[in-house]
Amino acid sequence: MDQHSPTGGGSPAPGAAPARDTLLVAIAGNPNVGKTTVFNQLTGLRQKVGNYPGITVERKTGYLSAPDGRRIEVVDVPGTYNLHPKALDEEVAYRVLIGAIEGGRTPDLAVCVVDAANLERNLYLVCQILDLGLPTVVALNMMDAAEGAGMEIDVERLSRDLAVPVIPMVASKGSGVAELKEAVIGPPPPCPPRRWHLEPQVQQEVDALSERLGTELPDLTPAQRFVDALRAVAHEGAAFFETHHDQAFWEEVKNARRRLAEAGVPYEQAGVCGRYAWITPLVRKAITHQQQAKLTASDRVDAVTTHPVVGPLIFLLLLMLIFQSVFTAAVPLMDGIDLGVSALSEWLEQALPAGMLTSLLVDGVVAGFGAVVIFLPQILILFFFLGLMEDSGYMARAAFIMDRLMKRFGMSGRSVVPLVSSFACAVPGIMATRNIENHRDRLVTILVAPLLTCSARLPVYTLLIGAFVPQAYILGIFGYQGTVLLALYLMGILFAVLAGTILRRFVIRGKPSPFIIELPPYRAPRLRDVLFQMVERAWLFVTRAGAIIISISIVLWFLASFPDTGGKPGLEAARDRLLSAHQARAGGPAASPEAAEELETALAALDGEQARYRVAHSYIGRMGRLIEPAIAPLGFDWKIGVALISSFAAREVAVSALGTIYSIQDADEGSASLRERIRDDVNPQTGKPVFTPLVAYSLMVFYVLACLCMSTLAIVKRETNSWRWPLFMLGYMTVLAYVASLVTYQGGRLLGLG
Amino acid sequence: MQGQRHKHQHGICCRGPEGPCIPLASIKVSQEAVITSFDALNGEASRLRDLGIREGSRVRIILSGPNQMIVAVDQARVGLPRNVADLVLVRHVAPA
């Protein structure tokens with residue numbers, strides 16, 4: 001094969017005259033080069049976010065309209081340093097560029113975004129994209145940063161030497177965007193021939209394998225055959241092509257490697273060395289002036305933010321700020337959503353005829369919808385702050401300084417932010433794990449995040465602590481109630497650390513990879529990009545996890561509503577009697593406000609009794625009774641069983657479920673009457689109290705450790721793309737909660753605390 | 001190029017006509033060095049090369065902590081654990 005045109009390069013571009021109505025343009029580049037900014041500049045608001053089929057790597061597409069009416073689809077390819085896939089997102093980048101994804105469509109044009117200040121390294125990826133035979137435009141971004149570093153780049157020369165259009169840009173300021181749009185809309189440039197060389201012996205072996213591939217896989221272009229053969233020989237990662245080759249091909253590859261090794265040819269670095277041997281002099285010619293390296297403002301800031309002592313303290317301070325905002329600023333918004341959903345439910349109940357369909361709509365669908373949107377304020381606020389940290393360049397530093405500590409617990413530096421976010425809610429916390437590159441670290445972080453005490457557990461703790469922990473003080477300073485609450489939080493942290501260590505050692509095993517990370521220069525965050533990302537993530541949550549949450553809500557509604565017993569015998573008659581008596585005395589003292597209030601209280605009591613009866617005889621009530629023998633060793637009766645099952649809708653639902661069972665209308669964690677009822681409740685068979693302080697502690701321990709949240713399970717399913725891990729999580733956390741609760745209750749009894 | 005290799009107080013070392021190779025971890029803040037080779041690093045070497053730290057590239061130490069380091073390569077900054085930096089062999093050079 002001709003060394004100078006081995007890839008079909010020099011031929012008219014494959015995308016030169018595409019027959020399709022919609023052109024496909026891929027935006028590729030190293031991480032942190034402003035790729036997403038370029039993508040946003042090109043597509044504006046015409047974007048949609050989803051996942052690539054079968055994997056949880058985000059897929060962002062947008063559209064650009066050409067003046068002649070053509071529609072151009074733009075895909076934001078995950079950031080990658082090379083096309084030798086090692087990580088999942090790198091694999092996706094590679095697959096998009098070779099047309100093995102996107103419905104088998106090869107991009108008509110690749111826009112490779114390049115950091116002008118780090119030209120040499122960035123051109124390595126450009127070189128690999130050109131090897132694939134793709135028409136390419138280089139977007140030379142961050143020209144301002146290059147100039148700031150004292151670099152002068154001869155763009156024309158660079159374009160001539162690369163033989164592709166090079167457009168200087170400062171995408172964040174909109175500079176060069178019009179020129180890039182023109183290049184994207186215009187006819188794709190021809191792909192130049194490959195200009196770098198392999199060592200002759202390696203080239204010979206690659207040519208032989210490439211020729212064989214031409215016979216075996218005629219659909220591959222000459223460029224793809226070359227890349228494929230080189231990847232196979234140089235171990236550059238053959239994950240995609242491996243599935244296409246037979247054993248005989250790999251025997252031939254092994255023989256080629258053996259021959260090269262015997263000849264002392266370092267074939268594993270052949271591609272890297274060959275490409276850099278071309279790139280390095282090219283860059284030296286293109287950069288006409290470069291100042292001596294000097295300490296930048298970022299370096300000076302890094303001296304503080306990555307300091308072994310000061311760095312973690314600054315990070316802790318920032319986390320507290322974020323945590324506080326997620327926790328407090330979201331509350332009014334969440335209350336507003338709650339009110340809105342309640343108003344919608346009430347309106348529907350009044351507007352529609354009473355019956356099962358209305359109940360399904362109100363208590364199933366609307367309640368499920370409420371359970372989805374109630375998380376939005378926390379998710380939006382969290383992702384806003386994460387976006388700021390990411391876009392400013394601080395996130396990489398935070399991960400860097402925390403890595404050593406987190407490694408001890410089976411996670412990575414990037415696990416810290418998701419874990420802290422989980423104190424507000426595990427759902428956004430788990431979504432935030434997308435920043436973790438290492439698949440195993442990410443999985444461990446996802447699996448332990450729900451152990452951290454989220455805000456939904458608070459109503460349960462408040463109710464039980466208020467009912468059973470005395471309002472006394474230790475040393476006159478520390479209240480018992482506050483201390484118990486703190487202990488519950490600390491317990492969650494302790495078990496998360498233990499679980500992470502154990503999971504990493506025994507379940508999700510693998511050598512921890514050293515944390516090597518690029519620290520991008522600090523810069524002012526671009527609000528537009530941050531807001532885009534925040535809305536995208538929130539939308540993903542609503543559309544994906546929302547569907548699962550609403551489905552489970554409907555199932556829970558069904559379990560609580562059926563079978564329809566028609567109500568407790570005699571209660572309707574009692575209600576009628578009360579009303580008749582009231583009407584009969586309408587002319588007398590019954591008309592007084594006191595009498596009306598008395599009637600209302602009596603009716604509310606009857607309604608409460610009716611609701612309690614219905615729940616007790618519904619499927620969920622039966623399930624509560626069914627699991628009673630299993631939970632009795634923990635000190636729980638069937639009523640607590642119902643509360644536990646109901647908690648799957650949301651943990652705080654446990655309080656209203658107990659309210660229904662104990663016939664307290666509109667119960668919340670602050671209801672004094674509910675606290676009294678659960679304190680006074682006596683088991684009719686044993687004559688002993690159902691709830692004792694020991695039962696309350698056992699129940700709180702159970703709530704600390706159990707995964708009683710369908711939203712969490714739904715988001716884990718969504719993020720891991722399988723039911724395997726959410727089920728595993730449900731299993732291990734249930735076992736953990738059960739054992740800890742059992743130890744608490746039975747241990748307490750042995751100590752005479754029962 | 002790599003020359004003879006032997007154990008050295010810094011770890012593995014090589015000696016060639018241009019002077020001794022020493023671990024990157026032993027270079028002090030603000031000092032510069034040229035990468036000569038990677039010792040016993042496989043996946044990590046590939047990752048370092050991705051980030052521009054490859055044989056022949058010139059690096060400058062920005063931060064040298066007890067467990068981690070930050071090095072500058074061109075205008076990029078790369079953070080790496082010290083135990084990885086111990087296995088990156090460099091030749092000390094005077095600032096340009």
Side-chain angles (χ1 to χ4, degrees), chain A residues 30 32 80-82 84 86 90 115-122 124-125 142 145-146 148-151 235-237 268-269 272-273 276 280 283 290 292-296 298-299 302-303 306-309 311 393 396-397 399-401 403-404 407 413 511 513-521, chain B residues 1-2 24-25 27-88 93-96:
Chain A
N30 285 189
N32 303 311
T80 182
Y81 291 104
N82 58 53
H84 323 143
K86 289 183 280 288
E90 289 173 349
D115 174 2
N118 288 296
L119 202 51
E120 191 169 332
R121 191 192 74 198
N122 279 251
Y124 183 68
L125 180 66
M142 302 184 177
M151 291 167 70
H235 294 289
E236 283 185 336
E268 289 181 342
Q269 292 306 315
V272 181
C273 293
Y276 271 112
T280 305
V283 170
Q290 185 155 19
Q292 275 187 11
K294 56 179 182 185
L295 273 187
T296 62
S298 278
D299 294 335
D302 272 342
T306 59
H307 186 275
V309 180
R397 273 82 180 173
F400 181 62
I401 54 177
D403 185 65
R404 195 176 150 77
K407 275 270 182 326
K511 196 181 153 210
S513 51
F515 194 60
I516 302 169
I517 188 171
E518 182 178 8
L519 305 170
Chain B
M1 176 79 175
Q2 197 161 288
L24 176 64
I27 305 286
K28 292 186 171 56
V29 173
S30 299
Q31 288 188 337
E32 294 186 17
V34 171
I35 311 289
T36 57
S37 61
F38 298 103
D39 193 87
L41 289 169
N42 294 317
E44 294 79 26
S46 157
R47 175 82 174 145
L48 288 168
R49 285 190 190 106
D50 284 349
L51 294 166
I53 301 179
R54 57 189 177 81
E55 293 86 342
S57 57
R58 194 183 181 103
V59 296
R60 189 161 45 92
I61 307 301
I62 301 292
L63 179 130
S64 181
N67 305 305
Q68 291 166 311
M69 296 182 82
I70 298 178
V71 301
V73 50
D74 290 334
Q75 296 302 314
R77 303 292 183 262
V78 177
L80 69 161
R82 210 173 175 86
N83 56 4
V84 170
D86 263 326
L87 299 173
V88 178
V93 291

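Predicted, not measured: the structure shown is a model, and the values here were computed from it. Chain letters run A, B, ... following the sequence lines, proteins first, then strands; residues in each count from 1.
Going from atom CD of A:Glu120 over to atom CD of B:Gln75 covers 12.5 Å, rounded to the nearest 0.5 Å. Within the model, atoms CZ of B:Arg49 and SG of A:Cys273 stand 7.5 Å from one another, a figure rounded to the nearest 0.5 Å. Once rounded to the nearest 0.5 Å, the distance linking CG of A:Asn30 with CG of B:Asp50 reads 8.5 Å. A distance of 6.0 Å separates CG of A:Asn118 from CG of B:Asp74, quoted to the nearest 0.5 Å.
Looking at A:Arg404, its side chain never comes within 3.5 Å of a backbone N or O of B:Asn67 through a donor-acceptor pair.
Partners of B:Ser30 under the side-chain contact (heavy atoms from CB on, under 4.5 Å) rule, at least two apart in sequence or in another chain, do not exist in this structure.
Contact of B:Val73 with chain A is made through the backbone alone, with heavy-atom distances under 4.5 Å. For a residue to count as touching a neighbouring chain, one of its non-hydrogen atoms must lie under 4.5 Å from one of that chain's; by this rule B:Ile62 touches chain A with the side chain only. For A:Thr280, the part lying near chain B is the side chain, with the backbone staying farther off; criterion is any non-hydrogen pair under 4.5 Å.
Considering only heavy atoms from C-beta on, B:Ile70 comes within 4.5 Å of A:Thr306 through its side chain.
The two residues A:Ile516 and B:Pro81 make their nearest non-hydrogen contact at CG1-CD, 4.1 Å. The minimum heavy-atom distance linking B:Gly52 with A:Arg121 is given by the pair N-CD, 3.6 Å. Across all their heavy atoms, B:Leu80 and A:Phe400 have their closest contact at N-CE1, 3.6 Å.
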